[in-house]
Amino acid sequence: MSDRLSQLQEAVDQLMEQFIATYFYIERHHDLKTFSPKDTIAPQKADHPNEVDALPPDVFAAGQLELARDLITREQQIEYLISSLPGLDNSEHDQLHSIKELEEELAVAEKQRQEAVKEKDEVLVKLDQTLRSIRRY
Amino acid sequence: MADNEEDNSALASFFPDPPLFWKAFTPSNLQAIADLKQQHATQRGIPIEDVVRVPDLPVDSDLIYLQPPAEPKDGSWRLYGEPQSLEESLQPLESAGIERLGPPLPGSSTTPAASESQTITQTTLTTSTSDSQSTTQPPQDTQATSIFPSQPPSQHPSTTSVSSNTPSTQTHDTLHLHLKRLSKSLLLNYLELLGIMSLDPSAGSAKAADLRTLFLNFHHVLNEYRPHQAREQLIQLMQEKLDQTRAETAANRAVAEKARRVLEGLGSVDVPVVKGVNTDGGLGTGAGAGTVGGGKEEEEEEEEKRYWEREGMGWGVLDAEFA
């Protein structure tokens, strides 16, 4: 799991890949039209047998719809990631300030923690002694 | 002759020979460098672990092989033919020959004159290109060759993403907007590209170049934002650590408090137990061990029984307290 910035960059790259994939889908599967009654659709060249692999209109439309939906979904994902980028309201100065504050608070908390551990150990020793004395009776 | 033989063996051997300076790592040399380091550390008043290298060693001695070389003076060197630099910095978009869409991030390493970027934001894209010399892709061509009929110039996506910028403040609150504009421009440009390609495939390359510019800009903005993100992440980590430490403190205190209560509870409950122990068990052990010989085993059994009873009671009290 990478940070949101990397996720965003990956999403943008995926969007680009989707652009390309969609483009090739349309290029490959579109149908062939005649401009005038005299035109004829040329037979496929032998060395490029599958240059255009025309799909039935409904299948092609469904494919287009799906790809378009995917693109929009990706776009929404990107925008969501953008709006969840952390700390946009903080300037560098604020950040450094809060880092310093946190540092001090951490030092205090660490001290308190050690005191608490010590206290706990002392009580534990006492409890231990009491238990031993119960046993010894 | 001897040299020739060595050369031959060096050429013939399958694996390359170790570097020549391996001979310098003798015990006496190692000791000497350690002494020098110690001396250096005491002179400077810093811990010995912080001494990476002792400056001003005599050049002709073998000792120079025992420590890393000095930093390059001009801050750059070559590695595998690639120039490397001590200072890693983000290459500004302009120097990479890519048109910048939108304002530079505050505090970023890229510092085009702020006034210039202001004029760019105010004017249209066409004038901005004539201002900044570094652009490679002339958008005038895009509009000239663009045969997408339903595209009025004001809808040129690059223009939309450029024209509506607010001046960059010290905070990054405009970044959201900017990024969203870029991503929307991406989609719009793609739509246009498809439209162009369906009518005149030869004109598509300019639009594709637009897309490329947009993508590069997007990535660049994100990369500029990275230092900010790193600081933000540090703050988050520290906050987490702080919460964790506080939670641990609280948990420790709670346990200590509980244990203390148990102790107090034992003190109040103990009285009858202690009485019984004093009258029966305490005397029993003293007398039984010393005097009575025949009934010793019986007494020991009884003692054992009583001990387990007391033990059970003690644990019962503890269980009640902890429950």
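Residue numbers start from 1 in every chain, and the chains themselves are labelled A, B, ... in the order their sequence lines are given, proteins ahead of strands.
- Using a 4.5 Å cut-off between heavy atoms, B/L211 contacts chain A through its side chain alone, with no backbone atom that close.
- Proximity to chain B involves both the backbone and the side chain of A/Q112, based on heavy atoms less than 4.5 angstrom apart.
- We find the CD-CG distance between A/E75 and B/L187 to be 4.0 Å, quoted to the nearest 0.5 Å.
- With a 4.5 Å cut-off on side-chain heavy atoms, B/F218 and A/L8 count as touching.
- To the nearest 0.5 Å, atoms OG (B/S183) and CD (A/Q77) are separated by 12.0 Å.
- The two atoms that bring A/V123 and B/A256 nearest to each other are CG1-O, 3.6 Å, heavy atoms only.
- Residue contact with chain B, scored on non-hydrogen atoms closer than 4.5 Å, involves the side chain of A/I26 exclusively.
- For the pair A/S98 and B/I235, the tightest heavy-atom approach, listed with the atom from each and the gap, is OG-CD1, 3.1 Å.
- In terms of heavy-atom pairs under 4.5 angstrom with chain B, the leader among A/L106, A/L127, A/L5 is A/L5.
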Give the C-alpha distance, both sets of side-chain angles, the deciding distance and a yes or no for salt bridge (Lys or Arg N to Asp or Glu O under 4.0 Å) between B/R260 and A/E122. CA-CA 10 Å; B/R260 210 176 278 137; A/E122 280 168 10; over 6 Å; no

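- Checking B/R226 against A/Q9 by side-chain atom types alone, a donor-acceptor pair falls below 3.5 Å.
- Between B/R253 atom CZ and A/E119 atom CD the span is 6.0 Å, to the nearest 0.5 Å.
- Ion pair B/K180/A/E79 not flagged as a salt bridge, since none of the NZ, NE, NH1 or NH2 atoms sits closer than 4.0 Å to an Asp/Glu carboxylate oxygen.
- Once rounded to the nearest 0.5 Å, the distance linking CD of A/E110 with CZ of B/R246 reads 12.0 Å.
- A/I99 touches chain B through backbone and side chain together, each having a heavy atom under 4.5 Å away.
- Using a 4.5 Å cut-off between heavy atoms, B/Q239 touches chain A through backbone and side chain atoms alike.
- With a 4.5 angstrom heavy-atom cutoff, B/L234 touches chain A only via side-chain atoms.
- Heavy atoms closer than 4.5 Å to chain A are found nowhere in B/E257, neither backbone nor side chain.
- Atom-to-atom distance recorded for B/L182:CG and A/I78:CD1 is 10.5 Å, nearest 0.5 angstrom.
- Rounded to the nearest 0.5 Å, atoms CG (B/N252) and CD (A/Q114) are 11.0 Å apart.
- Counting only distance, with no hydrogens or angles, the side chain of A/E105 and the backbone of B/L242 share no donor-acceptor pair below 3.5 Å.
- Looking only at distances, no side-chain donor or acceptor of B/Y190 sits under 3.5 Å from a matching main-chain atom of A/I20.
- When every heavy atom of A/A109 is checked against every heavy atom of B/T245, the shortest pair comes out as O-CG2, 3.6 Å.
- Chosen from B/L222, B/L179, B/L186, the residue pairing most often with chain A at heavy-atom distances under 4.5 Å is B/L222.
- Put simply, the side chain of A/V117 does not reach to within 4.5 Å of the side chain of B/T249, judged on heavy atoms.
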